Amino acid sequence: MSDGRIPSAGASLDSAAVAALFRDHHAELVRLALFMVGDLPTAEDVVQDVYMSLHRRSRAQGYAQGYAQTVEAPLPYVRAAVLNGCRSALRRRGIARRIGLTEQAAPNEDRMTLASAESEVILSEDRRQVLSALARLPRRRREVLVLRYYLGLSEAEIAAVLGISAGTVKSTAARALAALARDLGEPS
Amino acid sequence: MTSTEERLRDALGAAAAQVRDDRLRPLPAPETRPRWQAQRRHMGWLIPAAAAMSVLLIVALALTLTGQSHKTTPSVSYPALPAGFPKYFAQIAGPSQVAGPSNLDVIIRSTSTGAEVTRAATPDVPDWRLTPLNVATAPDGRTFYIEYRAVDLQKNTSQIWIYLLTFTHGGSSNYLEWIRGDPFPGTGLLVDGGSMAVSPDGTKLAFTETTQRLNGRSWPDAITVVDLRTGVRSTWQGGMSRPGLTVTIPGISWTPDGRSLVFRAVWCTPVPNPDVCRGTPGQPGYPRTEIRSVDAGATSGNLGHNSDVLVKQPSGHSVVADAVPGPDGELTLAVLSGPGNQANLVVERTHPGALPDVLYRSRVYGTEGRPDSVTLTPSAAGTYLLIAYNGPNGPVTGWIDHGKLRFLPNKHPKPGLLITGW
């Protein structure tokens, strides 16, 4: 995960570093958010909000004395921020659904969602089943599986992103895989 | 690795590949504010606190003077919007609340509450004066293209500049950037914007420029299509002139398949202001309209020779005020009829070889003589039709639902307020 343009451990995350980080990892972060929230516009919003938030912080850091912020590991920090943003988006969506404000997409609306991505020809029925089963998992399990099998992170890296212990990551992943296998009708 | 893990990795990879890097909405370019503004931001709590104190003082004063207790005001509720309804609409409105060169801002509002989501001030460019003319909405319903007339104050010429406006979900930040292909050279002092529309796949933008007269010269109207990915443009121009008449193209739409452009051409006898074609029959300024289509896939060419007439000038006093093409070759027309400063409006859907279906009827009022301004704007998915016109009490904006007009919530109705896109 090392990148010359990303601040080293303990360095401050200035505006240029934030811009470089997002330039290099924008698509990856949007995809990560897409797996969590299920539709592309919301995923892009989440990543944009994180980006703007980091910029505001870096500006404040630059302008106000005594407000210096250091980030030990920028990329895990940003991934964690994106996942936090996804949780907030899902929470807002849940509240909206409960009070009847949900606006569902019309069938003919041209809107990129995980569901519509699934329906692409190149996504086979098998892949569609797997993604549907993944979407049915509890949020924490889904996060662990996506970080592990989409981003290929180690248990320690996942632990750093989610702010939990490596042991919890291991047990959560095992339970998530078992649940996924059960849902797919496979022996775990 | 178990088969579940293999299947999961494969499915995630395949789904991720569906999200193409080049189709992602670009990240905003955060503004860089001077230090004094940033420092002042940390004292921002003073303003709301002062405002709250003022309100409390006023309420206390009012209660003291009137001796009446405060009555609970009824809560405002809005009707639930149907599925797939556009979430935002755009307005060009003034006066600007943002210090800058223009009195006009582009405001994005929520269609469910009318609340302002974000506001884009007119860019302040040294030696140029910009005025917003049009707003078109991308198929995602949340990306807006804003057309500005940019007057070069040094050379006294003008151009069309088109900006892309994007904003974060909460509207806390927005940014404007030039589209590829900018600027679009004008032909005179006052190049004006006619109409603008984004193709159904979001890759192309079509706009028209209205005829202007300057020092006795006139320029023919043109339709320009810009490829938003490359900036390559095609222009159709010429071949529309008729002796003794000016011609403008105030309306343009894409067919749902994105292959053709349907536009409205208006001819009228010359009047001092070429924008105004509102005369009575036989008088200067009386408009004659045609609905035509042109193949959007073709390269630049002569507009008159390359376009087909879909609807000719109706008989009598009728005028086609706007037209929107449908997926099966049908057209939705807004037809105005009747002399004077009031006209009958009929919105009808015409199918080839069949009688038209009437969708909506109303009365339209002209602010300067005969009414001519009715705009129809389909939602990005083509499901809903926004209509805007002048009613007896000012501008009316809403969508047509089973023969009735359902109003868009708007917290700041003002005469002249213009809703240009959703």
Side-chain angles (χ1 to χ4, degrees), chain A residues 15 19 22-23 26-28 30-31 34-35 40-49 51-52 55-56 59-60 62-64 89 100-101 103-112 114 116-118 120 122-124 126-131 134 145-146 149-150 152 177-178 180-181 184 186 188, chain B residues 2-30 32-39 41-42 80-87 111-112 139-142 166-170 172-173 200-202 327 379-384:
Chain A
S15 283
F22 275 79
R23 190 168 56 243
H26 182 205
E28 176 207 294
V30 171
R31 288 175 187 132
L34 175 63
F35 288 130
L40 190 58
T42 308
E44 289 180 309
D45 283 342
V46 166
V47 175
Q48 282 203 355
D49 283 339
Y51 177 68
M52 294 306 298
H55 258 292
R56 277 194 291 271
R59 261 207 310 263
Y63 292 139
L101 288 178
E103 293 174 18
Q104 294 176 342
N108 58 347
E109 193 175 10
D110 181 16
R111 189 180 175 199
M112 173 64 188
L114 199 54
S116 68
E118 290 169 19
E120 293 289 331
I122 63 167
L123 273 186
S124 65
D126 180 65
R127 288 166 174 163
R128 192 191 62 76
Q129 284 179 359
V130 174
L131 290 173
L134 178 70
L145 289 188
V146 169
Y149 294 100
Y150 166 57
L177 276 176
L180 198 65
L184 294 171
E186 283 190 355
S188 55
Chain B
T2 65
S3 68
T4 306
E5 290 172 297
E6 282 178 5
R7 289 174 67 185
L8 178 60
R9 192 186 295 273
D10 171 65
L12 289 171
Q18 300 296 298
V19 181
R20 288 174 46 190
D21 298 24
D22 59 337
R23 297 298 296 271
L24 289 179
R25 184 161 14 107
L27 286 164
T32 52
R33 292 182 300 177
R35 175 185 290 259
W36 65 271
Q37 282 187 353
Q39 287 175 337
R41 190 169 66 100
H42 296 292
L81 295 175
F85 199 81
K87 290 175 75 173
T111 48
S112 58
D140 65 6
R142 49 163 304 135
T166 51
F167 54 94
T168 56
H169 188 62
S172 57
S173 61
D201 64 359
S379 61
T383 316
Y384 303 101

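Everything quoted here is computed from the prediction, not taken from an experiment. A note on names: the letters A, B, ... follow the listed sequences, proteins ahead of strands, and every chain is numbered from 1.
In terms of the side chain to side chain donor-acceptor pair (under 3.5 Å) criterion, B:Arg9 has no residue partners (sequence neighbours excluded). Residues passing the side chain to side chain donor-acceptor pair (under 3.5 Å) test with B:Glu5, sequence neighbours excluded: A:Tyr149, B:Thr2.
Minimum interatomic distance between A:Ala181 and B:Thr4 (heavy atoms only, all atoms of both residues): CB-OG1, 3.5 Å. In plain terms, the two heavy atoms of B:Ala15 and A:Phe35 that are nearest each other are CB-CE2, 3.8 Å.
Interatomic distance, B:Arg7 CZ to A:Arg127 CZ, rounded to the nearest 0.5 Å: 11.5 Å. In this structure, CG in A:Leu40 is found 9.5 Å from CG in B:Asp140, a value given to the nearest 0.5 Å.
Contacts with chain A were tallied for B:Ser3, B:Gly13, B:Gly141; B:Ser3 has the most, counting heavy-atom pairs under 4.5 Å.
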Would A:Val130 and B:Leu12 count as a side-chain contact (heavy atoms from CB on, under 4.5 Å) here? Give the steps.
CA-CA 9 Å; A:Val130 174; B:Leu12 289 171; over 6 Å; no

